[in-house]
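Note sheet for the following structure.
Only a predicted model underlies this, so the values are computations on that prediction, with no experimental measurement involved. Atom set for the values below is all heavy atoms of this structure, side chains included, hydrogens, waters and symmetry mates excluded.
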Protein chains: 2
Amino acid sequence: MTRSKPHNHQAHNHQEAIRAARKAIGDSDSVWGLAETFKVLSDPTRLKIVLALLKEELCVLDIAALIGITDSAVSHQMRLLKTLRLVKQRKDGKMAFYSLEDEHIEDLIRVATRHISEKS
Amino acid sequence: MTRSKPHNHQAHNHQEAIRAARKAIGDSDSVWGLAETFKVLSDPTRLKIVLALLKEELCVLDIAALIGITDSAVSHQMRLLKTLRLVKQRKDGKMAFYSLEDEHIEDLIRVATRHISEKS
DNA sequence: TTAACATCTGAACATCTGCTCAATCGTTTC
DNA sequence: GAAACGATTGAGCAGATGTTCAGATGTTAA
């Protein structure tokens with residue numbers, strides 16, 4: 001080929017696209033909060049803990065035996081979950097029972113599960 | 001106090017609690033997949049990208065300018081999002097336009113947003 | 001008071017993550 | 001062809017993350 005047709009690519013206004021997208025993202029505070037919410041459930045250990053607590057309250061050693069990690073590791077994670085208000089603690093003697101404090105978590109898990117099951 | 005009442009704590013069957021919870025968690029494969037889904041959206045950068053793409057397709061440089069990171073960083077993230085089937089690519093000349101491939105993501109974000117807004 | 005038990009805490013560690021930098025590839029334009 | 005441009009890739013790095021270990025705290029039982 002000595003000559004080729006000129007390529008005409010679709011016009012694309014970068015300035016406008018960026019401005020519109022910036023609106024869609026919203027303020028960075030809400031983005032950060034959203035990301036944090038997803039982050040809690042992004043660790044398999046924490047996710048297992050939350051899944052287990054959907055049914056009933058559990059003590060630290062039960063969770064540790066259930067997942068297969070140290071009671072220390074469980075305690076660390078529970079502190080984080082408690083700080084984020086996902087879980088509440090009930091003390092009974094030397095034992096500490098944890099249960100879910102958040103009702104919306106189950107919805108999140110349900111939607112995410114549906115999302116996975118409909119993958120090719 | 002010279003004498004104190006005997007403490008009677010609520011009975012708790014560890015074996016039974018663990019067995020019940022193990023059922024609630026399910027197989028470890030599904031847990032891993034769930035965690036991975038949440039993990040994609042747990043990074044502020046990726047979350048911003050997804051939020052921006054909810055409205056319209058964007059090219060790499062637009063996203064880079066929008067978020068304030070290198071085009072290289074964007075490209076790295078887009079490869080990940082493409083691998084996970086969250087995004088699809090359309091090439092036009094030297095530009096690469098990305099758009100959302102997954103319809104469920106919006107639901108996930110909506111539920112998570114509601115979850116945040118109803119916090120004390 | 002001891003001893004045993006459940007939980008919690010801080011430190012150290014290895015691993016993972018997301019970023020930038022530099023170089024490369026593919027396309028378009030001169 | 002050469003230069004410009006957009007996108008991609010790999011290496012390297014700093015920071016975050018999850019775990020274990022050792023020790024401390026608090027509670028119950030002997």
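Distance, B:Ile63 CD1 to D:dT8 P: 10 Å, rounded to whole Å. The distance between atom CE of A:Met95 and atom C1' of C:dC5, rounded to the nearest whole Å, is 10 Å. Rounded to a whole Å, the NZ atom of B:Lys82 is 7 Å from the P atom of D:dT8. If you measure from atom NZ of B:Lys48 to atom C1' of C:dC19, you get 14 Å, rounded to the nearest angstrom. In this structure, B:Leu61 atom CG and D:dA7 atom P are separated by 4 Å, rounded to whole Å. Residue A:His12 contributes atom NE2, which lies 12 Å from atom C1' of D:dG6 at whole-angstrom precision. The NZ-P distance, from A:Lys94 to C:dA6, rounds to 6 Å in whole Å. We find that CH2 of A:Trp32 is positioned 15 Å from P of C:dG18, with the value rounded to whole Å.
Proximity of A:Gln89 to the phosphate of C:dT7: no side-chain N or O atom is located under 4.0 Å from OP1 or OP2. The side chain of A:Tyr98 places an N or O atom within less than 4.0 Å of a non-bridging phosphate oxygen (OP1 or OP2) of C:dC8.
By the side chain to side chain donor-acceptor pair (under 3.5 Å) test, A:Thr70 pairs with no residue at all, sequence neighbours left out. Every residue was checked against the side chain to side chain donor-acceptor pair (under 3.5 Å) condition with A:Asp43, not counting sequence neighbours, and none meets it. Qualifying side chain to side chain contact (heavy atoms under 4.5 Å, CB included) partners for A:Ala21, counting only residues two or more places apart in sequence or in other chains: B:Ala52, B:Leu58, B:Leu66. Listed by chain and residue number, A:Leu41, A:Leu100, A:Ile105, A:Ile109 satisfy the side chain to side chain contact (heavy atoms under 4.5 Å, CB included) test with A:Val50 (two or more places apart in sequence, or in another chain).
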Problem set entry | nucleotides 10-25 of chain D: protein proximity per nucleotide (B base, S sugar-phosphate only, - neither; heavy atom, under 4.0 Å) | B------SSSBB----

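For the pairing with A:His115, the side-chain contact (heavy atoms from CB on, under 4.5 Å) check across B:Thr37, B:Asp107, B:Leu34 returns one residue only, B:Thr37.
Among pairs with a residue in residues 14-31 of chain A, those fulfilling salt bridge (charged side-chain N to carboxylate O under 4.0 Å, His left out) read A:Glu16-A:Arg19, at least two apart in sequence or across chains.
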